[in-house]
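What follows is a set of notes on a single structure, which appears directly below.
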Amino acid sequence: MNMSGSEVKIFTGNANPEVAQRIADAIGLPLGKATVSTFSDGEISVNIEETVRGKDVFVVQSTNPPVNDNIMELLILIDAFKRASAGRITAVLPYYGYARQDRKAKARDPITSKLVANLLTTAGADRILTMDLHASQIQGYFDIPVDHLLGVPILAKYFKEKELEDVVVVSPDLGSVTRARNFANHLDAPIAIIDKRRPKANVSEVMNIIGDIKDKNVILIDDMIDTAGTITNGANALKDLGAKEVYACCTHPVLSGPAIERIEKSVIKELVITDSIPLPEEKKLDKIVIRSVAPIFGEAIQRIYKNISVSKLFD
């Protein structure tokens, strides 16, 4: 599909310039020229170094750590493009931060994912392109179109190529059953479910395993891994209950705090992730395999630009 660099511009902030470059390469366009820096007091400074008047602008910026800095960069970039008379501005967020704060779990809780949606819209975004929101209903927090891509096909393709036998796909909790079922459909495999409780944030305890995992190769699937407590506790429980080998995969490798140490010491044989969040060199382990989201985002951008259906990419 031909795309004209005179009509489409792809820009990025400092959150994940590597994946932005891969997306641009997949499309066959150069990254737009923009400088995102800070003043001495920490305020963010944005300088767009080429015309965007009337152009279809795509701003690639995950909201990974440092989350608040990267959100502000994105908001200021969008505002700059809006004031520079861009024809349409699409915020491309391979990882949408604050997605876990999607409801009032207890009295006086904020709904921060809705707040971020409001900020993006107010800044001037005309469209959102993202992947694997922690809760699908976040799409409804926006009053602008949202294209919600799925990471399952990328991850499932890797395991298809491994040709594992006696596979069972395991959901790490009840909330991830739909994702696990979709993943299992790609592999034509059964599913099992970990019943867990979460006494406090970033702490989980495995209570029971629902399904047959004895002497099976199990694959744990989740949308994100943060401190890795859920995934490593689940892996250990599965191994203790007779699983042959334990694999794990996720779309968004947040991997904060003790995550890398936990994964390294766990029974997980391989952890398959995407590059929706950049993984620093010091966090790379031999058991971590990275697959790129760039091809699917590149195709989605082409389809949005050409006003072609994006729904094919959900399969």
Side-chain angles (χ1 to χ4, degrees), residues 95 100 131-135 150-198 202-274 276-277 279 283 285-291:
Y95 170 64
R100 285 171 286 185
M131 175 175 277
D132 274 356
L133 291 168
H134 188 64
L150 302 177
V152 162
I154 299 171
L155 301 171
K157 181 181 179 183
Y158 174 80
F159 285 101
K160 273 185 180 179
E161 292 169 352
K162 286 186 73 71
E163 298 182 344
L164 296 173
E165 296 181 351
D166 299 323
V167 171
V168 176
V169 176
V170 179
S171 172
D173 52 41
L174 296 175
S176 299
V177 172
T178 300
R179 182 179 297 103
R181 186 178 292 116
N182 291 340
F183 188 86
N185 287 341
H186 281 271
L187 300 181
D188 194 23
I191 71 168
I193 305 167
I194 295 176
D195 177 25
K196 73 172 186 183
R197 68 176 180 178
R198 190 180 289 279
N202 292 127
V203 176
S204 67
E205 297 177 3
V206 174
M207 304 297 289
N208 193 25
I209 308 294
I210 304 168
D212 179 21
I213 52 89
K214 188 173 177 59
D215 297 323
K216 308 289 186 182
N217 287 309
V218 301
I219 305 172
L220 280 158
I221 171 78
D222 211 343
D223 64 317
M224 71 169 69
I225 298 176
D226 188 355
T227 60
T230 293
I231 210 81
T232 53
N233 286 345
N236 292 335
L238 291 166
K239 193 71 171 178
D240 291 343
L241 291 171
K244 187 188 300 181
E245 297 287 358
V246 181
Y247 298 83
C249 58
C250 75
T251 305
H252 306 304
V254 179
L255 302 181
S256 66
I260 292 298
E261 182 181 357
R262 286 173 172 174
I263 291 165
E264 190 171 25
K265 293 179 179 178
S266 74
V267 299
I268 294 172
K269 184 171 183 179
E270 261 184 354
L271 171 62
V272 185
I273 61 176
T274 78
S276 68
I277 295 174
L279 190 67
K283 290 188 176 183
L285 304 174
D286 290 340
K287 65 168 67 177
I288 293 181
V289 177
I290 303 174
R291 288 292 176 263

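Computed from a predicted model, the values in this text were never measured in an experiment.
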Item checked: Any donor-acceptor pair under 3.5 Å from D166 side chain to N217 backbone -> no
Checklist line | Smallest separation among heavy atoms of D222 and P172, with atom names | finding: OD2-CG, 3.5 Å
Margin query: In the structure I gave you, are the side-chain heavy atoms of V168 and D212 within less than 4.5 Å of one another anywhere?
Written below: no
Notebook entry, point to check: Among side-chain atoms of T251 and D223, is any donor-acceptor pair under 3.5 angstrom?
Noted result: no
Check: Which atom names give the shortest non-hydrogen contact between I231 and A248, and what distance separates them?
Finding: CG1-CB, 4.0 Å
Check: Between atom CD1 of I268 and atom SG of C249, what is the distance when rounded to the nearest 0.5 Å?
Finding: 10.0 Å
Next item on the list: Using the side chain to side chain contact (heavy atoms under 4.5 Å, CB included) rule, take D226 and H252 through it: C-alpha gap first, then chi angles, then the decisive distance, then the call.
Entry: CA-CA 9 Å; D226 188 355; H252 306 304; over 6 Å; no
Note to self: Run I263 and L255 through side chain to side chain contact (heavy atoms under 4.5 Å, CB included) and show every step you take.
What the structure shows: CA-CA 9 Å; I263 291 165; L255 302 181; 3.6 Å; yes
Checklist line | Beyond-backbone contact of L155 with F183, side-chain heavy atoms, under 4.5 angstrom | finding: yes
Next item on the list: Measure the spacing between NZ of K214 and CD1 of I209 and express it to the nearest 0.5 Å.
Entry: 13.5 Å
Notebook entry, point to check: Of all heavy-atom pairs between N182 and H186, which one has the smallest distance, and what is that distance?
Noted result: O-CD2, 3.1 Å
Margin query: Using 0.5 Å steps for rounding, measure from the CG atom of N233 to the CZ atom of R262.
Written below: 7.0 Å
Checklist line | Reported OH-to-CG distance for the pair Y95 and L133, which is rounded to 0.5 angstrom | finding: 10.5 Å
Note to self: Run I290 and L279 through side chain to side chain contact (heavy atoms under 4.5 Å, CB included) and show every step you take.
What the structure shows: CA-CA 9 Å; I290 303 174; L279 190 67; 4.1 Å; yes
Checklist line | Taking every non-hydrogen atom, the tightest pair across I213 and L241 | finding: CD1-O, 3.7 Å
Margin query: Would you say that E270 contacts D286 through its side chain, given a criterion of any heavy-atom pair below 4.5 Å between the two side chains?
Written below: no
Next item on the list: Report yes if some heavy atom in the side chain of Y247 is under 4.5 Å from a heavy atom in the side chain of K287; otherwise report no.
Entry: no
Check: Just wondering, are more than 12 heavy atoms of other shown residues or ligands nearer than 6.0 Å to NZ in K162?
Finding: yes
Notebook entry, point to check: In Å and rounded to the nearest 0.5 Å, what is the NE2 to OG distance from H134 to S176?
Noted result: 7.0 Å
Item checked: Side chain proximity check, K283 to P253, heavy atoms < 4.5 angstrom -> no
Notebook entry, point to check: Got L174 and I193 here, is their nearest side-chain heavy-atom distance under 4.5 Å?
Noted result: yes
Check: Tell me, do L187 and K160 make a side-chain contact under 4.5 Å, heavy atoms counted?
Finding: yes
Next item on the list: Side-chain contact test, heavy atoms from C-beta onward, threshold under 4.5 Å: evaluate it for R100 versus M224 and give yes or no.
Entry: yes
Note to self: Under a 3.5 Å distance rule, please check whether R181 uses its side chain to pair with a backbone N or O of I191 as donor and acceptor.
What the structure shows: no
Next item on the list: Would you confirm whether K239, through its side chain, and K244, through its main-chain N or O, come within 3.5 Å as a donor-acceptor pair?
Entry: yes
Note to self: Test your reading of the model: is there a side-chain donor-acceptor pair from T232 to the backbone of A228, 3.5 Å cut-off?
What the structure shows: yes
Margin query: Looking at K157, I'd like to know if its NZ atom is crowded, meaning that more than 12 non-hydrogen atoms belonging to other residues, nucleotides or ligands lie closer than 6.0 Å.
Written below: no
Next item on the list: Determine, stepwise, if the pair I194 / D173 fulfils side chain to side chain contact (heavy atoms under 4.5 Å, CB included).
Entry: CA-CA 5 Å; I194 295 176; D173 52 41; over 6 Å; no
Next item on the list: Would you give the length of the straight line joining atom SG of C250 to atom CG of L271, rounded to the nearest 0.5 angstrom?
Entry: 5.5 Å
